There are 2 protein chains.
Amino acid sequence: MVDQPEQSRYHHGDLRTALLEAAERSIRDSGVSQLSLRDLAREVGVSHAAPRRHFPERQDLLDALAERGYARLGESIREAVSDHDSEFPERMRRAASAFGHFATGNPALLELMNATKHRPGASSVPQSSAAAFAPILDLICEGQENKALRKGSPEEIGLIIYATINGITTLVNAGAISAERLDDLTITAVNQFLRGAAP
Amino acid sequence: MVDQPEQSRYHHGDLRTALLEAAERSIRDSGVSQLSLRDLAREVGVSHAAPRRHFPERQDLLDALAERGYARLGESIREAVSDHDSEFPERMRRAASAFGHFATGNPALLELMNATKHRPGASSVPQSSAAAFAPILDLICEGQENKALRKGSPEEIGLIIYATINGITTLVNAGAISAERLDDLTITAVNQFLRGAAP
DNA sequence: GCACTATGTAGCCTTTGACAACATTGTTGT
DNA sequence: ACAACAATGTTGTCAAAGGCTACATAGTGC
């Protein structure tokens with residue numbers, strides 16, 4: 001399969017990826033509800049039934065989008081936390097901020113990530129979700145070792161801060177809070193969280 | 001318009017309400033994405049175009065559902081907070097718990113309430129949202145007067161606890177946390193919030 | 001009882017997701 | 001090399017949905 005200067009090949013080459021990227025653009029512009037498999041097919045230049053080979057049902061594509069979303073979110077958080085020279089509270093704020101900016105920068109994607117899990121046929125979305133959450137868990141454990149956090153289930157502690165930031169971004173994305181207040185609220189929330197979760 | 005023992009009248013009488021109630025059942029059973037105006041019309045026993053008189057577009061019905069949701073949520077929170085004999089922290093826990101149970105008891109509705117606001121043509125959803133939020137705001141103010149909470153914008157403080165509970169319910173509804181853990185997490189979150197927001 | 005408005009009906013159109021039958025390309029074992 | 005075979009795309013079809021228009025019926029107010 002060498003590259004063909006122009007004209008269409010019968011086989012696209014990497015249709016799955018092309019569809020996912022087109023879908024991300026689409027939901028970013030017009031939301032999940034407006035996403036149409038046929039539109040994507042047109043945009044990518046394949047027939048209307050081609051996507052079916054990669055995503056038998058519409059929801060399968062949405063799941064794949066959510067999974068990619070979690071992968072990127074996890075990477076973003078991991079990067080934010082990676083500076084091991086900083087103090088624990090600062091790293092916590094960075095992690096929260098990374099989450100917040102990802103969430104408000106990709107509203108439709110976040111909505112998908114928050115909604116798609118509980119379906120019957122277990123996709124691999126929950127796994128991706130847990131993987132994205134892992135760096136926060138690690139950070140919590142480190143905070144406990146440093147005596148910056150009280151003892152107790154790291155998972156429970158992490159869940160609360162995760163939920164808080166998630167909730168704030170939900171309100172921002174819904175328009176209940178202006179986007180400019182995100183940073184301020186995030187910092188306040190984290191600081192308050194740290195005070196409340198101190199030993 | 002007297003009641004007609006049986007058979008269909010040309011005019012339904014209260015189609016709008018009937019549609020909304022059918023819609024609530026529908027999303028409870030099968031989620032927002034499966035909601036079909038034509039299904040509702042069939043269920044209620046009117047023609048497929050009748051709903052259009054009350055909800056020109058599908059989204060208008062969703063907005064109305066969200067609005068009713070906020071009305072009920074607000075009522076639920078107001079009731080939870082109404083016991084003025086209890087201590088402030090206890091009332092806070094009750095408010096949070098009321099929110100949590102409403103949210104996990106009506107997952108699809110909550111999703112709608114969290115998503116529907118930011119649309120261009122300003123519906124009255126944001127107003128309803130603010131009204132539901134009001135009792136929490138009042139409670140915060142009272143907590144500040146009682147020196148149970150530090151000074152500072154009540155709205156900002158309230159937003160954080162609201163976001164936290166909202167976030168927890170999102171995780172529960174998404175299946176990331178089991179429903180049994182809701183109460184426990186809510187209590188922990190509120191207690192930690194109170195410690196962190198203490199003067 | 002007569003206009004006017006509100007509410008419901010019937011029919012049409014376009015788009016969509018899902019499905020099946022068929023076409024083309026890539027791969028693998030011999 | 002080449003013959004199965006699997007993977008990937010295409011064309012055609014269908015039922016269901018939302019949205020629209022024209023029309024029918026029922027309340028309401030003058």
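Every heavy atom of this structure was used, including side-chain atoms; hydrogens, water molecules and symmetry mates were not. Quick caveat, the model's predicted, so the values are computed rather than measured. The sequence lines fix the lettering, A, B, ..., with proteins before strands; numbering per chain opens at 1.
Atom CG in B/Asp39 sits about 17 Å away from atom P in D/dA15, given to the nearest Å. One can place CZ of B/Arg42 at 13 Å from P of C/dT9, the figure rounded to the nearest angstrom. Whole-Å rounding puts the B/Glu57 CD to C/dT15 C1' distance at 16 Å. At whole-Å resolution of the value, CG in B/Leu37 and C1' in C/dT15 are 16 Å apart. Look at CD on B/Glu43: it is 17 Å from C1' on D/dA16, rounded to the nearest Å. Protein atom CZ of B/Arg38 is 13 Å distant from nucleotide atom P of D/dC20, rounded to whole Å. Protein atom CZ of A/Phe55 is 17 Å distant from nucleotide atom P of D/dA7, rounded to whole Å. Between B/Arg58 atom CZ and D/dG19 atom C1' the separation is 13 Å, expressed in whole Å.
For the atom pair B/Ile161 CD1 and B/Phe193 CZ, the distance stands at 5.0 Å (nearest 0.5 Å).
OP1 or OP2 of C/dT15 has not a single side-chain nitrogen or oxygen of A/Ser36 nearer than 4.0 Å.
The backbone N or O of A/Ala148 sits nowhere less than 3.5 Å from a side-chain atom of A/Asn146 that would complete a donor-acceptor pair. Between the side chain of A/Arg93 and the backbone N or O of A/Ile187 there is no donor-acceptor pair closer than 3.5 Å. In this structure a side-chain-to-backbone donor-acceptor pair under 3.5 Å is missing from B/Ser76 to B/Arg72. Although no hydrogens or angles enter the test, the distance criterion places a donor-acceptor pair under 3.5 Å between the side chain of A/Asn106 and the main chain of A/Phe102.
Listed candidates were D/dA17, C/dT9, C/dA18. Nearest to the side chain of B/Val46 is C/dT9. Of the listed nucleotides (C/dT16, C/dG11, D/dT8), C/dG11 has the atom at the smallest distance from the side chain of B/His48. Listed candidates were D/dG12, C/dA10, C/dA18. Nearest to the side chain of A/Ala49 is D/dG12. Nearest to the side chain of A/Arg53, among D/dT8, D/dG19, C/dT16, sits D/dT8.
Smallest separation of non-hydrogen atoms from B/Val190 and B/Ala96: CG2-CB, 3.5 Å.
Non-hydrogen atoms lying under 4.0 Å from DNA chain C are contributed by nothing in residues 20-30 of chain A.
Taking the ring centroids of B/Phe99 and B/Tyr162, they lie under the 6.0 Å cut-off.
In this structure, B/Arg91 does not pair ionically with B/Glu87, as no charged nitrogen and carboxylate oxygen lie closer than 4.0 Å. We find that A/Glu24 and A/Arg28 are not joined by a salt bridge, their nearest charged nitrogen and carboxylate oxygen being 4.0 Å or further apart. Looking at A/Asp39 and A/Arg42, a side-chain N of the basic residue comes within less than 4.0 Å of a carboxylate O on the acidic one, giving a salt bridge.
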Any protein N or O atoms within reach of nucleotides 4-6 of chain D? Criterion: under 3.5 Å, listing atom names and distances.
none

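Across all strands, A/Leu61 comes closer than 4.0 Å to no nucleic acid atom at all (heavy-atom distances). Counting non-hydrogen atoms under 4.0 angstrom, B/Arg16 reaches nothing in the nucleic acid.
Side-chain to base pairing of B/Arg52 with D/dG19: no donor and acceptor N or O lie closer than 3.5 Å to each other.
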